[in-house]
Amino acid sequence: MKKYVPSNIEPKWQKKWAQEDLNKTDLSNTKNKYYVLVELPYTSGDLHMGHWFTFTMGDILARFKRRQGCNVLFPNGFDAFGLPAENAAIKQKVHPRDWTYQNIARMKEQFGTMGVSIDWQKTAITCDPEYYKWNQWIFLKMLERGIAYRGKALSNWCPSCQTVLADENVEAGKCWRCGSEVVKKEVMQWFLKLTHYADKLLWQNPPQVDWPKPLIEAQNDWIGKSEGINITYEVAGTNEEIVCFTTRPDTNFGATFIVLAPEHPLVLKLSDEEYKNKVKEYIDQSAKKSELQRKENKEKTGVFTGKFAINQLNDEKMPIWVADYVLMGYGTGAVVGVPGHDRRDFEFAKKFDLAVKRVVVGKDGDTSAITQIEQVQEKEGKMVNSSFLDGLDIHQATKKIMDYLEKKGWGKKITIYHLHDWSISRQRYWGTPIPVIHCDNCGVVPVAEKDLPVELPYQVDYQPQGKPPLATSEDWVLVKCPKCGGKASREVETMDGFVDNSWYFYRYLDSKNEKSIFDKDLIANWIPVNIYIGGAEHTVGHTLYSRFFTKFFHDLGLISFDEYALKRVHHGVILGPDGARMSKSRGNVVNPDEEVKKYGADAIRLYLMFLGPFNIVTAWNPDNVNGAYHFLQRVWGLQEKVTGNSLQLTDKDLKLMHKTIKKVTEDIGQLKFNTAIATLMEWLNYLSKKDKVLLEEYKILLQLLAPFAPYITEELWSISGEKYSIHQQPWPQSDNKYLQEVEVSLPVQVNGKVKDVLLIQKDILDNKEVIEKMALTAEKVQKFLSGKSVKKVIYIPGKVISLVVSN
RNA sequence: GCUGGUGUGGUGGAAUGGCAUACACGCUCGCCUUAAGAGCGAGUGCUCACAAGGCAUAAGGGUUCGACUCCCUUCACCAGCACCA
């Protein structure tokens with residue numbers, strides 16, 4: 001017997017599998033279709049352990065389902081546009097495109113090493129013009145329907161770099177690149193109207209598909225639907241009105257002030273001369289604050305405008321303030337302050353000495369004046385000091401006053417959402433060009449469909465210099481207006497990379513289609529995908545966006561389903577050996593290539609799957625990799641004991657074999673890979689103790705292990721003279737005949753504690769009296785019965801017999 | 001602060017109302033070896049010098065003949081969201 005040396009066998013099979021193209025899926029055969037989708041990797045350079053973990057899971061499922069007779073589609077692609085590519089390229093002085101395609105070649109090779117059975121014919125690379133052409137096509141369709149639009153929004157703005165910055169790129173209020181102070185600025189940008197689909201994106205209860213509960217909760221919170229009322233207040237001594245959104249109009253008799261967000265359009269207009277300077281100063285200050293700073297400092301700040309609004313309910317004058325705890329991005333950017341029943345309003349009132357009124361009875365019937373924050377009763381109670389609302393429960397009061405305010409014409413019921421539209425503009429080079437042309441005469445003119453794709457020019461100065469890189473490429477920018485033929489220029493912004501990866505799994509099926517985004521019938525047959533494996537970090541990003549695209553495709557009439565994945569699972573995370581997230585800066589990265597050199601791909605796959613449940617978050621443990629390797633070596637060593645059919649399998653052999661088949665099959669089906677492997681280990685422990693192992697059982701062992709460890713099983717299969725390939729063998733079936741137990745071990749409990757275990761013949765298992773007698777007379781049980789009386793006997797057939805005993 | 005989740009040996013974990021600690025790692029002892037490593041065998045929750053027994057699934061309480069599992073309270077940790085009116 002040769003020694004088990006993974007590096008001697010793995011490359012050999014890799015080559016053969018690649019040649020024979022075993023994983024190619026015939027899409028025209030839709031019988032028992034099964035689409036395994038794993039989040040496409042970002043082209044960052046090398047596959048990391050996380051990729052191994054996730055793709056091994058997908059691969060095991062794909063191999064398992066194929067052998068159960070399913071027509072499996074297991075594709076993969078590359079998420080190839082984005083900031084990291086551009087930054088890496090700038091650093092290494094390589095063109096982002098070259099850098100990206102080099103990485104793709106390398107990563108594909110590494111996927112080969114991993115031994116995953118991906119069908120590379122069905123693929124998508126998001127930076128290929130043949131892919132992003134359809135990004136642009138979708139954008140045009142959205143533009144036609146008003147789902148894509150151009151508008152202004154407050155953003156982090158670096159005045160020296162002349163670009164919008166993500167919150168993550170603002171460090172202590174300063175630009176990460178040039179160090180100048182970042183300000184809030186209204187910037188014209190492209191949006192996708194997520195809010196149009198807010199209600200459709202909201203998950204129903206129960207959900208239509210099997211997605212993780214935490215994701216569903218988080219998405220619904222993110223969408224944040226809330227029903228309330230816009231109340232209009234007159235500003236005393238002016239013709240102006242202020243509209244405030246509130247979900248708690250029931251407390252309106254307790255309103256004592258109004259607060260406007262610093263960005264509210266009325267702020268300066270309303271401010272009295274003597275207060276104007278202070279108000280201006282305050283607005284400037286808060287504009288300079290980044291989102292981060294606003295969140296960090298929760299101490300309330302604000303300034304008075306000098307004006308008052310009138311509460312129609314009781315004709316009281318409410319001072320109008322400006323404060324940055326009110327956000328322009330939510331509701332109307334103006335809030336009516338009810339300090340007695342809102343903690344934030346209370347803090348604000350305390351700080352600036354504003355009146356506090358009680359309108360809801362507190363805990364234990366407290367009706368005293370509210371002076372402490374603990375007395376601020378927010379979510380329940382009965383109304384008081386509120387005229388016609390007195391005595392009502394707050395929820396009844398809310399209904400009553402909403403109707404009242406509407407009838408009086410003072411308010412209008414409205415539903416608002418926390419969800420915002422999606423800003424997709426990026427002042428960057430390495431992304432999908434937004435396919436519009438700006439013309440002085442005609443405004444924004446969409447590029448004609450026949451002129452797609454608008455290709456990204458190669459020769460561009462993508463070094464940072466204060467304007468979008470594409471703007472420097474004049475040949476590309478300057479075009480004739482498609483409408484009037486006059487001077488015009490291309491849009492120089494590119495799309496957020498999350499646009500690209502919101503719909504890639506559709507294109508996988510029809511990636512060469514030049515005429516349309518995809519063939520409708522093909523999609524109807526193959527999507528929704530059966531299982532989508534990905535990371536929990538995409539809860540409110542990618543998975544929400546891709547659901548949004550699906551809703552949009554539905555409206556275009558391209559598809560007829562509502563959700564694109566029947567099941568979504570969040571994989572776990574492999575941390576560094578030190579228990580922290582792997583990162584180059586920490587120096588705790590475990591490089592898969594090096595581990596493969598030491599142990600082979602099979603051992604790494606097995607180790608990762610044996611760690612625990614698929615969603616485990618745990619540290620890399622070199623000792624345990626050794627354990628997985630050890631197991632494979634023992635499987636390898638078993639071939640010495642294998643013998644032909646001169647011997648018969650014993651009853652015990654057969655029982656254990658069929659039990660193992662059943663358990664492994666069930667476990668893989670439920671993604672319980674760790675216990676499936678444990679079951680195989682138990683069986684191996686049994687087989688290793690036998691003098692001879694029969695070919696019949698050895699073959700089954702290899703077949704069950706094959707999805708986890710594709711190389712060693714293929715090799716051993718071939719060594720034992722079986723026909724290529726093990727991965728095309730039908731999945732072993734367990735036979736019920738061997739699963740019937742003749743004897744059952746039955747625990748006997750005395751007052752809930754197990755005292756003995758009886759071996760019971762199966763045919764008397766239903767005979768309560770006999771069992772009872774056996775239990776009562778068992779020696780170990782007797783010891784606990786002396787001097788006591790048996791009160792009650794509970795027998796659960798086949799499971800347990802429980803005696804209740806007392807003195 | 002809100003939402004969701006988790007808590008079991010020295011370690012990763014198994015068991016989702018019925019024999020707690022499967023499987024693996026680590027450790028200890030033994031065999032083999034000139035030696036190291038690898039391999040093979042035995043042991044390994046705590047307590048009790050052994051045995052018999054008792055105790056143990058974050059802490060406390062409850063439901064049940066029976067609870068890691070269901071319910072309540074508290075604590076700790078993880079993740080996401082967070083001045084959302």
Side-chain angles (χ1 to χ4, degrees), chain A residues 3 212-222 224-226 228-229 231 244-249 251 259 261 294-295 297-301 323-327 329-338 341-345 347-348 378 416-420 536-537 539-541 570 573 606-607 610-613 615-628 630-631 633-634 637 672 674-685 688-689 745-758 780 783-784 791-796 798-805:
Chain A
K3 261 180 83 179
K213 203 181 157 195
L215 175 145
I216 287 172
E217 301 279 343
Q219 289 198 351
N220 280 353
D221 285 353
W222 186 259
K225 182 175 184 169
S226 80
I229 187 164
I231 306 176
C244 296
F245 174 76
T246 178
T247 56
R248 293 296 306 281
T251 59
V259 188
R294 278 205 196 187
K295 279 169 190 168
N297 187 7
K298 295 215 171 169
E299 181 84 1
K300 295 283 180 291
T301 58
D324 66 4
Y325 83 91
V326 172
L327 308 173
Y330 188 74
T332 57
V335 163
V336 50
V338 184
H341 304 288
D342 181 291
R343 296 174 82 96
R344 294 153 306 177
D345 293 347
E347 283 168 12
F348 191 73
E378 284 182 316
I416 66 167
Y417 300 88
H418 169 231
L419 187 74
H420 285 119
E537 69 274 19
T539 291
V540 287
H570 287 161
V573 180
L606 200 71
Y607 161 74
F610 186 57
L611 271 175
N615 57 0
I616 193 175
V617 176
T618 194
W620 177 267
N621 181 342
D623 285 334
N624 286 346
V625 188
N626 228 332
H630 181 207
F631 169 74
Q633 252 170 347
R634 290 178 61 210
K672 289 161 79 174
N674 57 330
T675 50
I677 294 168
T679 307
L680 290 171
M681 287 173 167
E682 280 180 73
W683 194 27
L684 177 70
N685 289 344
S688 305
K689 289 200 175 93
S745 57
L746 188 77
V748 185
Q749 296 181 342
V750 177
N751 287 341
K753 299 245 156 85
V754 176
K755 297 299 178 188
D756 201 1
V757 179
L758 304 175
K780 283 185 186 164
K783 250 171 45 187
F784 291 92
K791 289 262 164 160
K792 200 173 168 189
V793 179
I794 296 141
Y795 177 52
I796 314 294
K799 289 249 171 154
V800 73
I801 179 156
S802 183
L803 310 176
V804 186
V805 167

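For the numbers below, each heavy atom of this structure counts, side chains included, while hydrogens, waters and symmetry mates do not. Quick note on labels: first sequence line is chain A, next is B, and so on, each numbered from 1.
- Applying the Watson-Crick and G-U wobble criteria (two distances, each under 3.5 Å), B:C29 pairs with B:G41.
- Nucleic acid contact class of A:Thr332 (heavy atoms, under 4.0 Å, all strands): none.
- For the C1' atom pair drawn from B:C68 and B:C50, the interatomic distance equals 31 Å after rounding to whole Å.
- Separating the C1' atom of B:A14 from that of B:G45 is a span of 15 Å, rounded to the nearest Å.
- A sub-4.0 Å separation between OP1 or OP2 of B:A24 and a side-chain N or O of A:Asn674 is absent.
- Within the structure, a side-chain polar atom (N or O) of A:Asn685 is placed less than 4.0 Å from OP1 or OP2 of B:A24.
- For the pair A:Val338 and A:Arg248, the minimum side-chain heavy-atom distance is 4.5 Å or more.
- Minimum atom distance to the side chain of A:Ser745 is reached by B:C19, of the listed B:G18, B:C83, B:C19.
- A:Val625 has its side chain within reach of A:Trp620: a pair of non-hydrogen atoms, C-beta onward, lies under 4.5 Å apart.
- Counting non-hydrogen atoms under 4.0 angstrom, A:Gly331 reaches nothing in the nucleic acid.
- Below the 3.5 angstrom threshold, one finds a donor paired with an acceptor across the side chain of A:Lys300 and the base of B:C83.
- Side-chain nitrogen and oxygen atoms of A:His630 include at least one within less than 4.0 Å of the OP1 or OP2 phosphate oxygen of B:C25.
- Nucleotides B:C25 and B:C70 have their C1' atoms positioned 33 Å apart, rounded to a whole Å.
- With C1' as the reference atom, B:G12 and B:A22 are 13 Å apart, rounded to whole Å.
- Taking atom C1' in both B:G4 and B:C65, one finds a spacing of 35 Å when rounded to whole Å.
- Position along RNA chain B of the nearest nucleotide to A:Phe610 versus A:Ser688 favours A:Phe610 as the more 5'-ward residue.
- On the P atoms, B:A85 is 42 Å away from B:U16, given to the nearest whole Å.
- Of the side-chain N and O atoms in A:Lys792, one or more sit less than 4.0 angstrom from OP1 or OP2 of B:C65.
- To the nearest angstrom, P of B:A20 lies 10 Å from NZ of A:Lys755.
- Nearest nucleotide to the side chain of A:Ala678, out of B:G80, B:A22, B:A85: B:A22.
- A cation-pi contact, defined as under 6.0 Å to the ring centre and within 45° of the axis, is absent between A:Lys300 and A:Phe348.
- Spacing between B:C19 and B:U73 at atom C1', rounded to whole Å, works out to 31 Å.
- Atom name P, nucleotides B:A59 and B:G9: the rounded distance is 10 Å, in whole Å.
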**Asked** Hey, mind stepping through A:Val335 and A:Thr246 against side chain to side chain contact (heavy atoms under 4.5 Å, CB included) and telling me if it holds?
**Response** CA-CA 7 Å; A:Val335 163; A:Thr246 178; over 6 Å; no
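- Taking the syn range as angles within 90° of 0, the glycosidic angle of B:G13 is outside it, so the base is anti.
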